[in-house]
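From a predicted model like this one, the values you see are computed outputs, not experimental measurements. Any value given below was found using the heavy atoms of this structure, including those in side chains, with hydrogens, waters and symmetry copies removed. Residues: numbered from 1 along the sequence shown.
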Amino acid sequence: GGKVKILLICPEYPLTFWSFKHALRFISKRAAFPPLGLLTVAAMLPERWEKRLVDENVRPVKDKDLAWADYVFLGAMSIQRAAAERIIKRCGRAGVKIVAGGPMFTTFPEEFDDVDHLVLGEAEATLPRFLADLEAGRPQRIYVSDERPSLDQTPIPQWDLIDPSKYATMNVQYSRGCPFNCDFCGITAMFGRKVRVKSREKILAELESLYQFGWRKRVFFVDDNFIGNRRWLKTDILPAVADWRKARGHHFSFLTQTSIDLSDDEELMDLMVRAGFDTVFIGIETPDEGSLTECAKVQNQGRDMVACVKKLHRAGLQVQGGFIVGFDSDPASIFKAQIEFIRNSSIVTAMVGLLNAHVGTRLYQRLAKEGRLLTGITGDNTDGTINFVPKMNRDTLLSGYGAIVSTIYSTKEYYRRVRSFLKEFRPRAKRRASLRLDLIGALFKSMIRLGIIGRERVQYWKLLAWSLLRRPRSFPYAVTLAIYGFHFRKVFRQLTKSPA
């Protein structure tokens with residue numbers, strides 16, 4: 001009888017480096033990104049069903065939400081585990097059935113006995129089978145598949161389930177899979193090495209759907225390696241996105257994740273900037289060649305990575321970097337070397353984490369064989385925990401890690417890095433003035449929080465004045481990065497429990 005009522009829930013993320021919680025307050029947003037996976041799954045459900053979505057990062061789940069629902073659809077990554085477990089308990093008490101999927105449940109299906117139905121792997125492969133069985137009145141408990149579905153059947157996300165004003169950035173996915181096979185990374189295990197891509201028509205339709213939805217700001221291409229399949233990007237996708245964006249008045253700006261070899265390809269960098277990209281996250285991991293060899297990060301080996309980063313900056317792409325300490329090959333000097341590298345490359349947003357072994361990775365298998373694995377993993381590589389016995393003395397490693405983050409995020413070092421980045425960076429993507437309204441609000445809030453109350457006030461005003469005089473085109477970046485610095489300092493102060 002009646003309509004089936006589906007409540008999709010995104011569990012809360014804990015405070016992390018990437019949550020940007022402290023920074024979001026400056027632009028009056030609740031979360032950095034909406035739950036793209038759940039929005040895509042929602043679009044795969046029958047149209048006649050009633051659907052609602054609660055993103056706990058925007059507002060808590062209420063008892064009346066659960067009372068309304070026939071089924072709760074729950075998607076989560078490992079980092080959301082504690083919040084997901086709370087939701088599962090509440091659903092049990094409310095007597096509402098749970099359908100769960102996504103990376104965490106796919107990796108640890110045996111650890112969630114209280115979930116009614118596990119729809120694992122890629123939803124395009126398993127969700128239709130569950131829905132058919134549900135219609136027939138005989139849904140099974142678990143659905144798995146090793147299939148790597150083509151992305152042409154992936155529907156446009158159901159944006160109308162969220163309030164876009166609560167988010168800093170929207171997201172789209174162009175590809176799945178990565179051609180590289182770094183031994184600590186779970187992506188290849190999850191999505192394979194063959195890169196599957198969406199067609200040009202599909203990508204433009206997704207961007208257009210965001211535009212029609214009223215979105216005009218930043219869009220994150222969530223691909224784990226955006227340039228995994230270059231040929232199509234160059235001949236087909238990027239020129240089309242550039243034309244589309246131009247026809248829409250240059251409203252959007254894009255960011256994504258790529259490998260460092262992007263810096264070898266002038267044409268690709270240029271096409272990305274012309275299409276509206278201005279930021280790339282790159283896994284740099286370590287300046288130590290021995291450790292790069294150890295983790296099979298071939299694309300980073302034997303190259304001057306500082307020069308590569310500077311090349312990207314000059315091309316108009318801001319590099320955010322991922323760094324790791326805790327490899328077996330790490331020498332005692334690694335902490336100093338990481339600080340030097342981050343300083344010399346002027347990577348402002350440097351996410352430094354301790355190596356952790358994720359289930360399904362080659363690193364995990366090796367450490368299991370060597371009997372070095374410890375307890376469960378938090379899923380947050382910047383919370384100062386490590387889930388295996390390192391080669392280096394553990395206390396040396398942890399205090400060395402603390403020394404890196406407290407150095408690179410100390411006010412003086414951080415502001416110096418922002419300035420040296422802005423000296424190199426050539427913002428080339430055309431931008432619309434409408435993107436600036438958020439910025440004006442952020443500027444005023446930052447003047448009070450950082451320029452009057454904050455300990456960094458001298459550095460803050462010096463940076464703003466310098467930027468207005470010397471790099472006026474980069475002024476928005478100066479304000480944004482000052483705000484990021486505030487967030488990073490607070491996060492690492494909490495994590496390392498050290499007075500900053």
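No salt bridge links K3 with E47; every basic N to acidic carboxylate O contact stays at or beyond 4.0 Å. Using a cut-off of 4.0 Å between Lys/Arg side-chain N and Asp/Glu carboxylate O, D261 and R230 are scored as salt-bridged. Of the charged side-chain nitrogens involved, none lies within less than 4.0 Å of a carboxylate oxygen, so that E85 and K89 do not count as a salt-bridged pair. Using a 4.0 Å cut-off between charged side-chain N and carboxylate O, R90 and D63 make a salt bridge. Under a 4.0 Å N-O distance rule, the pair E370/R366 qualifies as a salt bridge. One finds no salt bridge joining D65 and K62 here, because no Lys/Arg side-chain nitrogen approaches an Asp/Glu carboxylate oxygen to under 4.0 Å. With respect to D328 and R372, a salt bridge is recorded, a charged nitrogen being found less than 4.0 Å from a carboxylate O.
Two residues are said to be in side-chain contact when any heavy atoms from C-beta on lie closer than 4.5 Å; S145 and R129 meet this criterion. Between K166 and P34 the shortest side-chain heavy-atom distance does not fall below 4.5 Å. Proximity of V280 to Q257: side-chain heavy atoms (C-beta onward) are nowhere separated by under 4.5 Å. The side-chain heavy atoms of V389 and R394, taken from C-beta on, include no pair separated by under 4.5 Å. Contact annotation: the side chain of V219 never approaches that of N171 to less than 4.5 Å [non-hydrogen atoms, C-beta and beyond]. The shortest distance between side-chain heavy atoms of T169 and L255 falls below 4.5 Å. Counting only heavy atoms from C-beta outward, the side chains of C178 and V195 never approach each other to under 4.5 Å. Two residues are said to be in side-chain contact when any heavy atoms from C-beta on lie closer than 4.5 Å; T256 and N225 fail this criterion.
Under the ring pair (Phe, Tyr, Trp, His ring centres under 6.0 Å) criterion, F26 pairs with F486, not counting sequence neighbours. Annotation: ring pair (Phe, Tyr, Trp, His ring centres under 6.0 Å) contacts of F73 (sequence neighbours excluded): none. Considering only residues two or more places apart in sequence or on other chains, N393 meets the side-chain hydrogen bond (donor to acceptor under 3.5 Å, both in side chains) condition with T396. Under the ring pair (Phe, Tyr, Trp, His ring centres under 6.0 Å) criterion, H487 pairs with F20, H22, not counting sequence neighbours. Scored by the side-chain contact (heavy atoms from CB on, under 4.5 Å) test, Q338 finds T286, P287, F323, V325, I334, I404 as partners (sequence neighbours excluded).
Contact detail for A189 and R148: the closest heavy-atom pair is O-NH2, 3.5 Å. The two residues F388 and L355 have their closest heavy-atom pair at CE2-O, 3.4 Å. Q153 and P149 make their closest contact through NE2-CB, 3.6 Å (heavy atoms, listed as atom of the first residue, atom of the second, distance). When all heavy atoms are compared, the tightest approach of V197 to S175 is CG1-CB, 3.9 Å.
With hydrogens and angles left out, the side-chain atoms of T188 and R193 include no donor and acceptor closer than 3.5 Å. A donor atom on one side chain and an acceptor atom on the other are found under 3.5 Å apart for E124 and T154. Side-chain N/O atoms of S28 and K445 include a donor and acceptor closer than 3.5 Å. Side-chain N/O atoms of R218 and T279 include a donor and acceptor closer than 3.5 Å. S291 and E285 are not linked by any side-chain donor-acceptor pair at a separation below 3.5 angstrom, with hydrogens and angles left out of the test.
Paired with V119 under the rule side chain to side chain contact (heavy atoms under 4.5 Å, CB included), one option of V144, V41, L127, T106 passes, and it is L127. Each of F281, Y174, F254 was evaluated against F221; a single residue qualifies, F254, per the ring-ring contact (aromatic ring centres under 6.0 Å, His included) test. The one candidate from I88, I79, L74 that meets the side chain to side chain contact (heavy atoms under 4.5 Å, CB included) condition with P11 is L74. Among L53, L38, V72, the single residue meeting the side chain to side chain contact (heavy atoms under 4.5 Å, CB included) criterion with I9 is V72.
Judged by the 6.0 Å distance and 45° axis criteria, R248 is positioned over the aromatic ring of Y211. Taking the ring centre of Y167 as origin, the terminal cationic atom of R30 falls outside the region bounded by 6.0 Å and 45° from the ring axis. Both tests hold for R52 against W68: distance to the six-membered ring centre under 6.0 Å, angle to the ring axis within 45°.
Between F130 and H117, the ring planes are tilted. Angles from 30° to 60° get that label. Aromatic ring pairs are classed by plane angle as parallel below 30°, tilted from 30° to 60° and perpendicular above 60°; the pair W244 and F252 is perpendicular.
Looking at R141, its side chain does come within 3.5 Å of a backbone N or O of V115 through a donor-acceptor pair. In this structure, E294 contributes its side chain and S329 its backbone to a donor-acceptor pair below 3.5 Å.
Screening residues 27-66 for ring pair (Phe, Tyr, Trp, His ring centres under 6.0 Å) gives F33-F220 as the qualifying pairs, with residues at least two apart or on separate chains.
Atom CZ of residue F180 and atom CG of residue N300 lie 8.5 Å apart, to the nearest 0.5 angstrom. For the atom pair NZ (K234) and CD1 (I227), the distance works out to 9.5 Å, reported to the nearest 0.5 Å.
Atom CG of D243 has more than 12 heavy atoms from other residues, nucleotides or ligands within 6.0 Å. Other residues, nucleotides and ligands place no more than 12 heavy atoms under 6.0 Å from the CZ atom of R138.
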